[in-house]
There are 2 protein chains.
Amino acid sequence: MNAQALTCSTCQDGDPCAPCELANPDDAADTVSSRRRVRRGEALFREGDPCLDFLAVRSGMFKTVITGPDGHEHVTGFQLAGDVLGLDGLAQERHASRAIALEDSEVVVLPLHGAGRRDPGQLGRLLPRLIGRELVRKQKLNLLLASMNAQQRLASFLLNLSRRLQVRGYSPAEFHLRMSRADIGSYLGLQLETVSRTFSSLQRRGLIAVQTRHVVLRDRAALLRMFDEIPSG
Amino acid sequence: MNAQALTCSTCQDGDPCAPCELANPDDAADTVSSRRRVRRGEALFREGDPCLDFLAVRSGMFKTVITGPDGHEHVTGFQLAGDVLGLDGLAQERHASRAIALEDSEVVVLPLHGAGRRDPGQLGRLLPRLIGRELVRKQKLNLLLASMNAQQRLASFLLNLSRRLQVRGYSPAEFHLRMSRADIGSYLGLQLETVSRTFSSLQRRGLIAVQTRHVVLRDRAALLRMFDEIPSG
DNA sequence: CGTATGGTTGACGATAATCAAACGTCGTGG
DNA sequence: CCACGACGTTTGATTATCGTCAACCATACG
């Protein structure tokens, strides 16, 4: 009944909520151990790599990918500047996913066991909260994958991206997609052709304007209304 | 290419992996603050409830549920004895989901800020690992929801449940489902009719035997082989 | 005994997957 | 500079899977 219960202050719509994790990645760690540049297409880490620290995106954008039992690849998320990467590595102290830069990017390495356990620092205190958010987000993505149609999924994706860009000071109405249709499809559980068709459909209906990777959100209200459907129960 | 990279030692198949979290919930906390009994159908906590501690199942079984933007409910997981509940509440110090007992159950309350921050105790040191696992599990569920068909989803579900029961000393080949077809469907992103049909189909093929909620896994190898499909790429 | 809840099965239709072709863009090398 | 090839995108035609609607059964419970 109470749909609001699940939405945080910046998240009134029905999509996986991912606001800026760390306002300024540099501030988060007491000691920024190091930085690293990653070129477009390169992997920041891979499945099985030891995970002794984790990473915050300073600039650029990443996708995280896991490999299914049949060898098929699946995109589990997209990370913008300020987002934290590699939290799933906490389970085994080995990364469970692969992170690939979608453009030339820079990351900050945040040591997990930094200054010892006595003072976990800002970061240590933040950690449960960060992971909690990640968990909530994945849960919402589960909901999306389990119960939404193609249009709702794509609308959700665009609104989510829009909000995250807005938080970072970019235009929420007009932006450039850094990922391919195949990446979006993998993330949303759709084939790339379906993603393309759904883009076209939303454009015909006047809700957005698309030209390959350039997107304009024309009717945000209508996009939000796509989640008001009558409950099937 | 390397599908093994994602599977832990007790998890060779392609399903969301959820082994026993805490061998003995009583041991985990330095001080078990309290216990609580919950009757079948009752909620242990609800969305928005303050989340100051979290909970481990001592006996029985739970389902966790979130509510979508359209008011539609979605099952996010099932928790057996030893599993931890309420980790998604760490994000906001308020629960993001609702936990409902599928049978008369008992839980242990584990204080988050127990004996102060100086010594977080076993539990404190375990926490990142626990949440990490949860994250990995949700990620695998995402993969399932995004890329598997009905038969694979149900097979995955049954194999997962089987392994978790085995770890707890029950028969991995024959068990009783505590949740309804609707619950399974919600969890797997299928309609309850499809769940029912898929059960029947697996039975016709000789892979399982089902009678309402009683399940026998007849051909585990064949169930596992369902994930060897040729990658579509 | 009757009602309610949950499960099975059938018929049908809709949505998205698949297969296929054509087009645009970008980067490289002739 | 232009030509070529690789890659990504769009669109069409067709198919398959799953969702929807509906009827019917089984079991549990008051």
Side-chain angles (χ1 to χ4, degrees), chain A residues 39-41 63 70 72-75 100 102-104 144-155 157 176-205 208-215 226 229-233, chain B residues 39-41 63 70 72-75 100 102-104 144-155 157 176-205 208-215 226 229-233:
Chain A
R39 284 177 188 272
R40 180 191 157 121
K63 66 174 176 184
D70 57 356
H72 175 254
E73 299 214 325
H74 173 71
V75 174
I100 294 172
L102 291 173
E103 56 185 322
D104 293 354
L144 176 147
L145 291 168
S147 66
M148 292 186 186
N149 62 29
Q151 301 234 349
Q152 291 173 320
R153 293 184 199 199
L154 191 59
F157 171 75
H176 185 84
L177 298 172
R178 298 252 124 78
M179 69 294 285
S180 70
R181 299 289 190 260
D183 285 337
I184 298 173
S186 174
Y187 179 65
L188 295 177
L190 301 170
Q191 292 305 115
L192 67 93
E193 295 96 326
T194 303
V195 174
S196 181
R197 265 184 255 276
T198 308
F199 267 121
S200 302
S201 164
L202 291 177
Q203 180 163 48
R204 270 194 303 276
R205 292 173 54 187
I208 65 171
V210 207
Q211 195 173 17
T212 59
R213 295 195 175 189
H214 185 80
V215 177
M226 294 183 63
E229 306 288 281
I230 310 120
S232 54
Chain B
R39 285 178 186 270
R40 180 191 156 119
K63 66 174 176 184
D70 57 356
H72 175 251
E73 300 214 326
H74 173 70
V75 174
I100 294 171
L102 291 173
E103 55 185 322
D104 293 355
L144 176 147
L145 291 168
S147 66
M148 291 187 187
N149 63 29
Q151 300 236 348
Q152 291 173 320
R153 293 184 199 198
L154 191 58
F157 171 74
H176 185 83
L177 300 171
R178 296 256 126 75
M179 69 293 283
S180 69
R181 299 290 190 259
D183 285 337
I184 299 172
S186 173
Y187 180 65
L188 296 177
L190 301 170
Q191 293 305 113
L192 67 93
E193 295 96 327
T194 303
V195 174
S196 182
R197 264 185 255 278
T198 308
F199 266 122
S200 302
S201 164
L202 290 178
Q203 181 163 47
R204 270 193 301 277
R205 292 173 54 189
I208 65 171
V210 208
Q211 194 175 16
T212 59
R213 295 194 175 189
H214 186 80
V215 177
M226 296 183 62
E229 307 287 282
I230 309 120
S232 54

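Just so we're on the same page: letters track the sequence lines, and every chain starts at 1. Below, all heavy atoms of this structure are taken into account, side chains as well, without hydrogens, waters or symmetry copies.
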Show me the protein contacts with nucleotides 13-17 of chain D, counting only N or O atoms at under 3.5 Å.
{"from": "D:dA13", "atom 1": "N6", "to": "A:R197", "atom 2": "NH2", "distance (Å)": "3.4"}

Just by distance, do the side chain of [X] and the backbone of [Y] share a donor-acceptor pair under 3.5 Å?
{"X": "B:Q152", "Y": "B:M226", "value": "yes"}
{"X": "A:R178", "Y": "A:L102", "value": "no"}
{"X": "B:D104", "Y": "B:R40", "value": "yes"}
{"X": "A:T198", "Y": "A:T194", "value": "yes"}

In whole angstroms, how far is the [atom2] atom of [N] from the [atom1] atom of [X]?
{"X": "A:R153", "N": "C:dA16", "atom1": "CZ", "atom2": "P", "answer": "8 Å"}
{"X": "B:F199", "N": "C:dG6", "atom1": "CZ", "atom2": "C1'", "answer": "13 Å"}
{"X": "A:L154", "N": "D:dT9", "atom1": "CG", "atom2": "C1'", "answer": "14 Å"}
{"X": "B:H176", "N": "C:dG7", "atom1": "NE2", "atom2": "P", "answer": "10 Å"}
{"X": "A:R213", "N": "C:dC26", "atom1": "CZ", "atom2": "C1'", "answer": "12 Å"}
{"X": "A:L102", "N": "D:dG8", "atom1": "CG", "atom2": "P", "answer": "12 Å"}
{"X": "B:R40", "N": "C:dG6", "atom1": "CZ", "atom2": "P", "answer": "9 Å"}
{"X": "A:Q151", "N": "C:dT15", "atom1": "CD", "atom2": "C1'", "answer": "11 Å"}

Along DNA chain D (nearest heavy atom to each residue), the more 5'-positioned of A:A146 and A:V195: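 Residue closer to the 5' terminus by nearest nucleotide: A:V195.
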
With a 3.5 Å cut-off and just heavy-atom distances, do the side chain of B:Q191 and the base of D:dC21 make a donor-acceptor pair?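 No, the side chain and the base share no sub-3.5 Å donor-acceptor pair.
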
Ignoring the backbone of [X], work out which of [options] is nearest its side chain.
{"X": "A:S200", "options": "D:dT9, C:dT8, D:dT11", "value": "D:dT11"}
{"X": "A:E193", "options": "D:dT11, C:dG6, C:dT8", "value": "D:dT11"}
{"X": "B:T194", "options": "C:dG7, D:dG19, D:dG8", "value": "D:dG19"}

With sequence neighbours excluded, give me every salt bridge (charged side-chain N to carboxylate O under 4.0 Å, His left out) pair touching residues 180-193 of chain B.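 Every salt bridge (charged side-chain N to carboxylate O under 4.0 Å, His left out) pair that includes a residue of residues 180-193 of chain B, provided the two are not neighbours, is B:K63-B:D183.
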
Residue pair A:R204, A:S201: steps toward the side-chain contact (heavy atoms from CB on, under 4.5 Å) verdict: CA-CA 5 Å; A:R204 270 194 303 276; A:S201 164; 3.8 Å; yes

Applying a 4.0 Å non-hydrogen cut-off, can you work out what [X] is touching in the nucleic acid: base, sugar-phosphate, or nothing?
{"X": "B:G185", "answer": "nothing"}
{"X": "B:S180", "answer": "sugar-phosphate"}
{"X": "A:L192", "answer": "base"}

Which heavy atom of B:F199 sits nearest to which heavy atom of B:L177, and what is that distance?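 Taking every non-hydrogen atom into account, CZ-CD1, 3.8 Å.
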
